[in-house]
Trainee: 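Next up is a structure, given as structure tokens.
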Amino acid sequence: MKKIYLATFALLTSSVTWAQDNAVATANSNTATNNDWLLMTAISLLVFVCILMLVVIFQVTTIIQLVLLKEEKGAEKSLLGMWWQRVDRSLTDAIPLEKEETIMFKHSYDGIHELDNHLPPWWLYLFYGTVVFSIVYMINYHVLESAPLSTEEYNIEVAEAQKQIEAYQKTVAANLNETNVTMVKDDASINSGKDLFVKNCATCHGQVGEGGTGPNLTDAYWIHGGTINDVFKTVKYGVPKQGMIAWQKKLTAKDMQNVSSYIITLQGTNPPNAKEPQGEKMKEK
Ligand code: HEC
């Protein structure tokens with residue numbers, strides 16, 4: 001019997017550490033399996049509670065049965081009652097009522113005696129189990145450090161989420177086009193737009209957009225429209241017949257968004273040597 005208890009608790013402890021490792025592992029891979037794991041835990045808890053309730057109900061009925069049996073002595077015990085008595089004894093290791101005298105302490109208080117019963121095995125091994133568990137836990141997490149602690153787990157999950165955010169932003173950037181493009185205003189994007197402009201566009205449009213072979217980009221006059229969507233479209237597809245290159249193969253959508261946004265910030269800067277206006281004046285909004 002003792003062996004069975006020990007085996008059960010060894011199993012329990014290892015399964016708990018496994019569950020914790022598993023939780024970390026799933027946190028690393030993805031959140032969907034993490035939810036599966038939560039569901040499994042909830043179901044096992046529910047099953048455990050049900051079993052516990054059955055045991056309690058059984059216990060209560062046995063006590064009632066015992067009390068009733070005592071009243072009508074000599075009555076035959078049912079087979080179920082006898083089986084349960086055996087289970088009950090192995091769980092509690094209590095000395096039977098008939099032999100209580102043998103474990104009774106000498107002292108008595110107002111006629112109340114104290115019994116020196118054994119600790120119930122289910123309780124005792126559960127207690128040993130917690131001790132074993134704590135040692136396994138301690139070695140696993142604090143000595144061998146084979147699994148991350150809560151703070152590390154948190155950091156791992158945050159890093160994972162960060163990766164997902166970046167992946168999402170990449171797909172958003174890849175889907176940028178002339179209909180959904182918006183003006184970016186942060187310094188990093190505008191500065192990157194400026195760098196791109198100086199490197200790729202300044203030869204034709206001037207160092208500060210004053211114009212040259214290509215039109216002046218600082219005035220309110222546009223041949224192909226001056227909204228962010230128009231500019232993005234011109235940059236993306238170019239005007240090959242007029243000598244404006246299509247940039248979609250050379251720049252990423254995000255780069256084209258940055259450089260287009262930068263061009264719009266040049267509005268009204270009145271640089272020296274500005275080229276004469278071309279196209280139509282854009283209406284004030
Ligand atoms: C080889 C010269 C050349 C280069 C390099 C060049 N462009 Fe142009 N670009 C032109 C010309 C020429 C036009 C005028 C097209 C027309 O007349 O329709 C133009 C037109 C434009 C327009 C439309 C202006 C309007 O009035 O509607 C924008 C915006 C523009 N370019 C942006 C850029 C950007 C951004 C770059 C760099 C990534 C760039 N261009 C590189 C020659 C160039």
Side-chain angles (χ1 to χ4, degrees), residues 1-26 33-144 146-147:
M1 189 48 89
K2 275 188 184 169
K3 268 185 193 158
I4 296 173
Y5 283 124
L6 280 175
T8 317
F9 286 117
L11 221 113
L12 263 179
T13 21
S14 58
S15 71
V16 170
T17 37
W18 173 81
Q20 295 206 347
D21 289 349
N22 202 33
V24 175
T26 47
T33 43
N34 207 358
N35 287 344
D36 287 353
W37 181 81
L38 265 178
L39 195 74
M40 283 296 287
T41 318
I43 291 172
S44 355
L45 259 174
L46 207 74
V47 170
F48 180 71
V49 169
C50 287
I51 292 172
L52 212 70
M53 263 165 69
L54 277 179
V55 169
V56 170
I57 291 168
F58 232 162
Q59 276 277 20
V60 172
T61 43
T62 326
I63 291 167
I64 293 170
Q65 227 177 10
L66 272 176
V67 171
L68 291 179
L69 273 176
K70 252 198 165 176
E71 273 173 10
E72 38 175 308
K73 271 204 174 137
E76 285 274 314
K77 270 192 192 169
S78 73
L79 221 62
L80 191 67
M82 270 154 70
W83 170 79
W84 177 246
Q85 208 171 33
R86 270 216 309 277
V87 174
D88 186 53
R89 191 144 303 155
S90 71
L91 280 174
T92 58
D93 197 20
I95 301 295
L97 287 177
E98 312 86 73
K99 295 184 191 155
E100 265 179 0
E101 302 285 335
T102 59
I103 53 160
M104 200 178 295
F105 279 114
K106 294 254 154 29
H107 54 241
S108 94
Y109 302 96
D110 293 339
I112 298 171
H113 291 273
E114 191 186 352
L115 294 180
D116 187 18
N117 245 323
H118 297 146
L119 284 168
W122 72 263
W123 184 90
L124 192 63
Y125 290 110
L126 196 64
F127 173 68
Y128 289 158
T130 60
V131 175
V132 171
F133 177 85
S134 69
I135 294 168
V136 171
Y137 187 95
M138 179 86 181
I139 292 173
N140 205 6
Y141 284 90
H142 293 279
V143 180
L144 298 178
S146 60

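Keep in mind that this is a model prediction, so the values were computed, not measured. This chain uses plain numbering: 1 for the first residue, then up along the sequence. The figures that follow rest on heavy atoms only: side chains count, while hydrogens, waters and symmetry mates do not.
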Trainee: Looking at Asn117 and Ile95, would you say the former's side chain and the latter's main chain have a donor-acceptor pair under 3.5 Å?
Mentor: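 Checked: pair present.
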Trainee: Between His107 and His113, what is the shortest heavy-atom contact and its length?
Mentor: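 Shortest heavy-atom separation between His107 and His113 comes out as O-ND1, 3.7 Å.
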Trainee: Considering the options Ile103, Leu124, Asp93, which one meets the side-chain contact (heavy atoms from CB on, under 4.5 Å) requirement together with His118?
Mentor: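 For His118, the side-chain contact (heavy atoms from CB on, under 4.5 Å) check succeeds only for Asp93.
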Trainee: Out of the candidates Trp123, Phe127, Tyr128, Trp122, only one should pair with Tyr125 under the ring-ring contact (aromatic ring centres under 6.0 Å, His included) rule; please name it.
Mentor: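 One option only clears the test, and that one is Tyr128.
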Trainee: Calculate, to the nearest 0.5 Å, the distance between atoms CZ and CG belonging to Phe133 and Asn140 respectively.
Mentor: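 Separation between the atoms: 9.5 Å.
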Trainee: Does any non-hydrogen side-chain atom of Asp88 lie less than 4.5 Å from one of Gln59?
Mentor: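 In short, these two side chains touch, coming nearer than 4.5 Å.
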Trainee: To the closest 0.5 Å, what do you measure between CG (Leu115) and CD (Glu101)?
Mentor: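 That separation rounds to 9.5 Å.
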Trainee: So do Pro96 and Arg89 actually touch side chain to side chain, heavy atoms under 4.5 Å?
Mentor: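 Yes - at least one pair of side-chain heavy atoms lies under 4.5 Å apart.
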Trainee: How far apart are the closest heavy atoms of Ser90 and Pro121, and which atoms are they?
Mentor: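 Between these two residues, the closest heavy atoms are O-CG, 3.6 Å.
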Trainee: Please enumerate all residues that pass ring-ring contact (aromatic ring centres under 6.0 Å, His included) together with His142, with sequence neighbours excluded.
Mentor: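 Partners of His142 by the ring-ring contact (aromatic ring centres under 6.0 Å, His included) criterion come out as none, since no residue qualifies.
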Trainee: Please list, one pair per line, the donor and acceptor atoms closer than 3.5 Å that link side chains of residues 44-55 to other protein atoms, with sequence neighbours excluded.
Mentor:
| from | atom 1 | to | atom 2 | distance (Å) |
| --- | --- | --- | --- | --- |
| Ser44 | OG | Met40 | O | 2.5 |

